[in-house]
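Report on one structure; see the data block that follows.
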Amino acid sequence: MVEATQANKDKDAAAFEARSTEDWLLHAQELVPVALANAREVKGFPGRWKMIISKLEQIPLRLSDLSSHPCFSRNALCKEQLQAVSKTLREAIELADLCVKEKYEGKLRMQSDLDALIGKLDLNLKDCGLLIKTGVLGEASLPLTVLGSMAESDIATHNNIRELLARLQIGHLEAKHKALDRLYDVMKEDEKNVLAIFGRSNVAALVQLLTATSPRIREKTVSVICSLVESGSCEKWLVSEGVLPPLIRLVESGSAVGKEKATVSLQRLSMSAETTRAIVGHGGVQPLIELCQNGDSVSQAAAACTLTNVSAVPEVRQALAEEGIVRVMINLLNYGILLGSKEYAAECLQNLTSSNEHLRKSVISEGGVRSLLAYLDGPLPQESAVGALKNLVGSVSEETLVSLGLVPCLVHVLKSGSLGAQQASGSIICRVCSSMEMKKIVGEAGCIPLLIKMLDAKSNTAREVAAQAISSLMVLSQNRREVKKDDKSVPNLVQLLDPSPQNTAKKYAVSCLGSLSPSKKCKKLMISYGAIGYLKKLTEMDIVGAKKLLQRLERGKLRSLFSRK
């Protein structure tokens, strides 16, 4: 008997599933007038039933819109939606019957059931509308031009992805969770196609899932969002749909994977100054600082990069300082897990100290100069660290800088650093060499040949800095001798007499050559490399020292001619 009952149930279930989409439409359309008639008979809970009747009256129009779509019968979502609507209508009929007969288990219980019914009706109405809006109802939602150029397999793939994305917005939470699981797996295999179809409504649905109670769902959602952000897609949509607060909360209290993906997402999003301000406004600084101190290698580097991006916005630097960022970045410079983390820390310190004397003093008092010098002692000195030093040296005494080993560090950077790092190193020499003693120390350390080499750099700014540094050092006679000894000094300096507006090093080149002009050998070299022609033009331009140097060279040229006769 039990087996027969179960067999009948299985048979009914099979018949239930075998119904076509048109059958479900007809079934729902038949239930609506019954539900409305029953609802209008209810006397109790008038406010709730008035709201239920209002929503029931909207269903026929939504069903009509849905059924009029060309692909109505060929999309599984339509059938599922009609099943959900029919289930809600049957529930409305049953609850109305209970209320009419007053056979319910307590007033509060019925109020709760009616509130739940209102929620379901709202969801049904919203989902019917979304099915039309999201453009997921089969191949008819794709432009004809796209269809014409796509293989059948590609069309099927696009439609499957569109359906998955629609499921993120339609139905109850558990259904959305299942759709997310499938989307996560599809993105691993076919990220390009998924990203090509993503729309704003899909983004909004994902952002909502970031606040789900299930840690697993939040983790998968942020993984999908991270892929979106890293691809450069949908960044503005994500921010406008409110992705920042839930991402920050994940950085604060998510799982290890959730923290990593959320931080990498913030790293990319923080490249926009406007978004950076929003991250600060939503309380994102402290969780990122915490991650710099205690995160794994990837999360630490991403958090450091995000904070570096934030520090590039001048008006938020004080807020960063109040959160303790200076000490954290110096610690990261000393003990960061990845080299990238240290690079970001140096760049952050450079940003923080670029225009704020209070922050410069804070970095100095926390031992920032020593940490920057230690970091620069590595094989590939980075421009950001030298730039941070450049910002700080003016606030530190010469004696302290010498004792900390600044000069050997500058030599190392001039030898092994990038052109940008070398340029910043030259700028530091210009700033610190105010006394004769400091000029002597820098000259004896071997900086001069390296600066002469930089005179031939491709960058105009680098050439200018090198010429300025040499000009400053040549005030000391022993440094002049060093410059004179180098075979490349005169040729490189003469090249910098070029009168073109792009050449900003010419006034320093004139100064350097003027210091060398008492030497007959150097004068001959200047003349042979064409200095006189350049100086005539520079004299017309009123470049300081050009006229005097020109007169010296022309006198020397005349003497040379007479001596030959």
- Message: Just verifying a value: how many Å separate I330 CD1 and E366 CD, rounded to the nearest 0.5 Å?
- Response: 5.5 Å
- So do S472 and C430 actually touch side chain to side chain, heavy atoms under 4.5 Å? no
- Could you please spell out the steps behind the side-chain contact (heavy atoms from CB on, under 4.5 Å) verdict for V544 and K507? CA-CA 7 Å; V544 176; K507 65 178 179 180; over 6 Å; no
- Message: Any carboxylate oxygen within less than 4.0 angstrom of a Lys/Arg side-chain nitrogen, looking at R249 and E252?
- Response: yes
- Item | V386 side chain reached by Q350 side chain, heavy atoms, under 4.5 Å | no
- Audit row: N391, S354, side-chain hydrogen bond (donor to acceptor under 3.5 Å, both in side chains) steps and yes/no: CA-CA 6 Å; N391 295 338; S354 63; 5.4 Å; no
- Task: May I ask you to check whether S365 and S362 show a side-chain donor-acceptor distance below 3.5 Å?
- Result: no
- Task: Show your working on side-chain hydrogen bond (donor to acceptor under 3.5 Å, both in side chains) between R552 and S517 and close with a plain yes or no.
- Result: CA-CA 7 Å; R552 279 187 183 179; S517 63; 2.4 Å; yes
- Task: Look at E235 together with R268 and state whether they make a salt bridge at an N to O cut-off of under 4.0 Å.
- Result: yes
- Nearest atoms (heavy-atom pairs only) where L250 meets G258: CB-O, 4.3 Å
- Is the closest side-chain donor-acceptor distance between E357 and S395 under 3.5 Å? yes
- Message: Rounded to the nearest 0.5 Å, what separates atom OH in Y375 from atom OG in S384?
- Response: 5.5 Å
- With no hydrogens and no angle check, is any side-chain donor or acceptor of S489 less than 3.5 Å from a backbone partner on D486? yes
- Charged N to carboxylate O under 4.0 angstrom, D181 versus K220? yes
- What are the two closest non-hydrogen atoms of A462 and L419, and how far apart are they? CB-CD1, 3.8 Å
- Message: In the structure I gave you, are the side-chain heavy atoms of L339 and E343 within less than 4.5 Å of one another anywhere?
- Response: yes
- Message: Taking the side chain as everything from C-beta on, heavy atoms only, tell me whether V239 gets closer than 4.5 Å to E274.
- Response: no
- Item | Between S418 and E383, a side-chain donor and acceptor under 3.5 Å | no
- Heavy-atom donor-acceptor pair, H412 side chain to G378 backbone, under 3.5 Å: yes
- Do NZ/NE/NH1/NH2 and the carboxylate oxygens of D296 and K259 come within less than 4.0 Å? no
- Query: Can you tell me if N460 and T504 form a side-chain donor-acceptor pair at under 3.5 Å?
  - Reply: yes
- Item | Closest approach of E323 to I289 (non-hydrogen atoms, all atoms of both residues) | O-CD1, 3.5 Å
- Query: Would you say M271 has more than 12 foreign heavy atoms packed within less than 6.0 Å of its CE?
  - Reply: no
- Message: Under a 3.5 Å cutoff, is there a donor and acceptor pairing between the side chains of S435 and E398?
- Response: yes
- Verify, without hydrogens or angle tests, whether R463 (side chain) and L455 (backbone) share a donor-acceptor contact under 3.5 angstrom. no
- Check L404 against V369 and note the closest heavy-atom contact, atom names and distance. CD1-CG1, 3.7 Å
- Message: Can you confirm whether K361 is buried at NZ, in the sense that more than 12 heavy atoms of other residues, nucleotides or ligands lie under 6.0 Å from that atom?
- Response: no
- Query: Just by distance, do the side chain of S341 and the backbone of I337 share a donor-acceptor pair under 3.5 Å?
  - Reply: no
- Message: Testing the 3.5 Å rule here: is there a donor-acceptor pair between the side chains of N309 and T276?
- Response: no
- Message: How long is the straight-line distance from CZ of R317 back to CG of L359, given to the nearest 0.5 Å?
- Response: 8.5 Å
- Message: Would you compute the distance between atom NZ of K439 and atom CG of L476 and round it to the nearest 0.5 angstrom?
- Response: 8.5 Å
- Message: Looking at every non-hydrogen atom in both residues, tell me the closest pair between L380 and Q382 and how far apart they are.
- Response: O-NE2, 3.0 Å
- Item | Stepwise side-chain hydrogen bond (donor to acceptor under 3.5 Å, both in side chains) test for E347 and N351 | CA-CA 6 Å; E347 188 178 346; N351 291 339; 4.8 Å; no
- Yes or no on side-chain contact (heavy atoms from CB on, under 4.5 Å) for K261 and I225, after CA distance, side-chain angles and deciding distance? CA-CA 8 Å; K261 297 295 185 183; I225 285 174; over 6 Å; no
- Nearest heavy-atom pair of R200 and S240: which atoms, and what distance? NH2-OG, 2.8 Å
- Item | Backbone of T308 reached by a side-chain donor or acceptor of S311 within 3.5 Å | yes
- Query: In Å and rounded to the nearest 0.5 Å, what is the OG to CD distance from S477 to E482?
  - Reply: 11.5 Å
- Task: Evaluate the side-chain proximity of L320 to V326: yes if any heavy-atom separation is below 4.5 Å, no if none is.
- Result: no
- Message: Closer than 3.5 angstrom, by distance alone: can the side chain of Q267 be matched with the main-chain N or O of C305 as a donor-acceptor pair?
- Response: no
- When you measure from the side chain of N492 to the backbone N and O of I452, does any donor-acceptor pair fall under 3.5 Å? yes
- Query: Only one of I470, L473, V483 clears side chain to side chain contact (heavy atoms under 4.5 Å, CB included) with C512; which?
  - Reply: I470
- Query: Any side-chain donor-acceptor pair under 3.5 Å between S511 and Q468?
  - Reply: no
- Message: Taking side chain to side chain contact (heavy atoms under 4.5 Å, CB included) as the criterion, tell me which of D498, L496, V490 meets it with V494.
- Response: V490
- Item | Electrostatic pair K440-E437, nearest N-O below 4.0 angstrom | no
- Task: Please tell me if the side chains of I429 and C447 come closer than 4.5 Å, counting only heavy atoms from C-beta onward.
- Result: yes
- Task: Output yes when E315 and R277 qualify as a salt bridge under the 4.0 Å nitrogen-oxygen rule, no when they do not.
- Result: yes
- Looking only at atom types and distance, does a side-chain atom of K506 sit under 3.5 Å from a main-chain N or O of S500, one as donor and one as acceptor? yes
- Task: Side-chain contact test, heavy atoms from C-beta onward, threshold under 4.5 Å: evaluate it for V413 versus I428 and give yes or no.
- Result: no
- Query: Given L307 and M329, is the side-chain contact (heavy atoms from CB on, under 4.5 Å) satisfied, shown in steps?
  - Reply: CA-CA 10 Å; L307 289 169; M329 287 300 159; 3.8 Å; yes
- Item | L406 vs L389 side-chain heavy atoms within contact, under 4.5 Å | yes
- Give, for atom CD1 of I448 and atom CG of N479, the distance between the pair rounded to the nearest 0.5 Å. 3.5 Å
- Short question: side chain of R480, backbone of M474 - any donor-acceptor pair under 3.5 Å? yes
- Query: Taking everything shown except D487 itself, do over 12 heavy atoms lie less than 6.0 Å from its CG?
  - Reply: no
- So, the side chain of R218 versus the backbone of G254: is there a donor-acceptor pair under 3.5 Å, distance only? no
- Query: Could you walk me through whether H177 and L180 pass the side-chain contact (heavy atoms from CB on, under 4.5 Å) check?
  - Reply: CA-CA 5 Å; H177 289 181; L180 181 66; 5.6 Å; no
